[in-house]
Amino acid sequence: MTRQIALVDCNNFYVSCERLFRPDLKTTPIVVLSNNDGCVVSRSNEAKVLGIRMGQPWFECKQQAEEQGILALSSNYALYADLSNRVMSILADFAPRTEVYSIDECFVDLTGMSKVRDTNYSMRDRVLQWTGLPVCVGVGPTKTLAKLANHIAKKHPRSRGVFNYNDLTDEQQTRLLGQINVGEVWGVGRKLTKHLAAHGINTVQDLRMAHAPTLRAEFGVVIEKTQRELQGVACIELEDHVTDKQQMICSRSFGKHVTGLAVLQDALSVFTATACEKLRAQNSHAALVQVFMLTNRFRQDLPQYNPSMAVPLPMPSNDSLVINRWVQHVAELLWRDGYKYKKAGIVLGDITPVSVVQTDWLEPTSAANGTRLMSAIDGLNNRFGRGTIKVSAGGMCDGWAMRHERKSPNYTTEWDAVPSV
DNA sequence: TCTCCGATTAGAC
DNA sequence: CTAACGGTCTAATCGGAGA
């Protein structure tokens with residue numbers, strides 16, 4: 001039986017979220033900026049037409065944008081995450097197996113179901129009706145072809161937001177794939193596109209038909225899987241259960257240069273608290289802690305210094321206080337005066353479930369390990385917002401906060417920001 | 001020369 | 001006024017160290 005894998009992808013997701021609460025901006029060109037108001041990460045169709053590129057640094061296009069009346073907003077992740085959850089739970093009602101692939105994308109396995117075409121339009125219509133967010137649906141026999149089908153649904157208005165690759169004849173498939181650039185394929189990025197072009201592979205059809213052993217020898221196993229997926233052979237399974245993170249990173253660019261150790265340590269303690277909270281939320285602990293700090297790599301005229309150090313913990317932990325002591329210590333070791341630091345962060349690694357108790361028979365196990373204090377902190381922060389209870393001096397300095405000068409209110413997650421009717 | 005492991009790279013969004 | 005370019009995560013591959 002031909003698999004029917006649907007990929008549902010929200011259109012211009014962040015911009016669409018912002019517009020829900022600002023219907024007056026329906027036709028205004030809008031962009032949403034990344035953290036620290038650094039880069040453009042979402043664009044309305046109007047902004048795309050005006051030539052704003054995905055990932056473009058904001059300072060580069062700011063003047064042009066203002067002249068053209070483009071509205072720029074800081075990203076509001078509380079809002080996007082909340083709306084994402086609503087979309088995903090709507091889609092979960094359409095099939096027993098779904099995979100939340102990213103904040104704005106979901107695979108839905110419609111294999112064996114009758115009236116797939118009707119279901120595709122229902123998914124699109126119901127998400128739009130219940131949330132106000134426009135989505136496109138692409139269907140294919142593999143995840144890679146579903147993503148490609150979604151790309152087609154987005155690009156061709158005549159598809160009315162839905163495209164099923166399985167409905168094509170062999171000749172239609174060949175002709176269509178011959179018209180699409182290989183760089184559009186899931187898993188083929190900038191570097192690979194260039195590399196492939198050097199071997200005469202320019203279109204999706206070129207890749208689908210390339211000599212497999214040569215391809216594997218020159219480009220590795222990843223692209224071979226991609227090729228087979230383009231041929232309709234499933235190599236990437238639907239992952240319909242959430243897997244624990246193997247690594248957790250918390251890092252930020254700073255709103256202005258940091259030149260004092262105390263300020264940097266303060267930032268690191270906040271990052272540590274956030275990462276440990278996520279660690280506890282998945283019932284895991286970490287055995288490796290890494291700290292890093294970076295100067296501004298775009299300022300090659302300034303002295304560069306990008307140290308990092310990883311320390312194995314004597315005992316795996318998810319206790320913010322315990323881990324923070326290591327972080328603060330390592331930060332001191334790495335710190336050098338005289339540099340302008342632009343970014344810092346921590347990495348928690350060697351993550352395992354807390355149920356896997358890795359006892360060291362040379363060390364006595366420390367009783368309770370601060371677990372009750374941490375769950376009390378998590379409870380309060382969950383209820384009243386992250387940062388209500390903080391680790392030691394975490395967040396007491398203000399010399400490092402990121403820029404987000406254009407953020408909208410948290411319309412859906414804060415009572416005070418709920419719009420009145 | 002082989003194997004292991006940490007570091008780097010490429011990709012996604 | 002001036003400087004101003006994101007954050008998280010995974011898997012594959014590279015390359016140095018030690019066997």
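Residue numbers begin at 1 in each chain, while the letters A, B, ... track the order of the sequences. The figures here come from the full heavy-atom set of this structure, side chains too, leaving out hydrogens, waters and symmetry mates.
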Can a donor-acceptor pair be found, under 3.5 Å and without considering hydrogens, that links the side chain of A:R43 to the backbone of A:V32?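 Not confirmed, A:R43 side chain does not pair with A:V32 backbone.
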For A:R297, check salt bridge (Lys or Arg N to Asp or Glu O under 4.0 Å) against everything at least two apart and list the hits.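 A:R297 satisfies salt bridge (Lys or Arg N to Asp or Glu O under 4.0 Å) with no residue once adjacent residues are dropped.
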Quick one: salt bridge (Lys or Arg N to Asp or Glu O under 4.0 Å) partners of A:D244, sequence neighbours excluded?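 Per chain and number, A:D244 pairs via salt bridge (Lys or Arg N to Asp or Glu O under 4.0 Å) with no residue.
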Gap between atoms [atom1] and [atom2], on [X] and [N] respectively (whole Å):
X	N	atom1	atom2	answer
A:Y80	C:dG7	OH	C1'	15 Å
A:E229	B:dA12	CD	P	14 Å
A:L294	C:dG7	CG	P	10 Å
A:E239	C:dT10	CD	C1'	10 Å
A:I103	C:dC9	CD1	P	13 Å
A:Q246	C:dC9	CD	C1'	9 Å

With a 4.5 Å cut-off on side-chain heavy atoms, are A:I30 and A:L25 touching?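 Contact flag for A:L25/A:I30 side chains = yes.
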Mind running a 4.0 Å heavy-atom check of residues 206-216 of chain A against DNA chain C and sending the residues that fall below it, in number order?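 Nucleic-acid contacts, sorted: none.
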Respond yes when some side-chain nitrogen or oxygen of A:K343 is under 4.0 Å from OP1 or OP2 of C:dG7, and no when none is.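 True: A:K343 side-chain N/O within range (under 4.0 Å) of C:dG7 OP1/OP2.
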Partner set under ring pair (Phe, Tyr, Trp, His ring centres under 6.0 Å) for [X], not counting sequence neighbours:
X	value
A:Y14	A:Y77, A:Y80
A:H195	A:H199, A:F219
A:W186	A:Y101, A:F107

With B for base contact, S for sugar-phosphate-only contact and - for none (protein heavy atoms under 4.0 Å), nucleotides 2-11 of chain B reads --------SS
Please list, chain by chain and in numerical order, all residues satisfying side-chain contact (heavy atoms from CB on, under 4.5 Å) with A:T243, sequence neighbours excluded.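 For A:T243 the side-chain contact (heavy atoms from CB on, under 4.5 Å) partners, ignoring immediate neighbours, are A:H241.
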So with a 6.0 Å cut-off around NZ of A:K340, is the heavy-atom count from everything else above 12?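 Count not over threshold, so no.
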If you count every heavy atom of other residues, nucleotides or ligands that lies below 6.0 Å from A:R228 atom CZ, does the total exceed 12?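 12 or below, so no.
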Sequence neighbours left out, cut at 3.5 Å: what donor-acceptor pairs do the side chains of residues 246-263 of chain A make with other protein atoms?
none

Rounding to an integer number of angstrom, what distance separates B:dA12 and C:dC5 when you compare their P atoms?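 About 24 Å, rounded to a whole number of Å.
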Pairing of A:D37 and A:R403 as salt bridge, 4.0 angstrom limit: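 The answer is no: the pair does not qualify as a salt bridge.
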Reading DNA chain C 5' to 3', what string of ( ), [ ], | and . shows its pairs, if Watson-Crick and G-U wobble pairs count only when both distances fall under 3.5 Å? ......|||||||||||||
Step through it carefully: locate the ring centre of A:W400, locate the ring centre of A:F271, and say whether they are under 6.0 Å apart.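 Centroid distance A:W400-A:F271: below 6.0 Å, so yes.
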So which protein nitrogen or oxygen atoms get under 3.5 Å of nucleotides 3-5 of chain C's nitrogens or oxygens?
{"unit_1": "C:dA4", "atom_1": "OP1", "unit_2": "A:H257", "atom_2": "NE2", "d": "3.4"}
{"unit_1": "C:dA4", "atom_1": "OP1", "unit_2": "A:R299", "atom_2": "NH1", "d": "3.2"}
{"unit_1": "C:dA4", "atom_1": "OP2", "unit_2": "A:R299", "atom_2": "NH1", "d": "2.7"}
{"unit_1": "C:dC5", "atom_1": "OP1", "unit_2": "A:K342", "atom_2": "NZ", "d": "3.3"}
{"unit_1": "C:dC5", "atom_1": "OP2", "unit_2": "A:N296", "atom_2": "ND2", "d": "3.4"}

Under 3.5 Å, which N/O atoms of the protein pair with N/O atoms of nucleotides 13-16 of chain C?
none

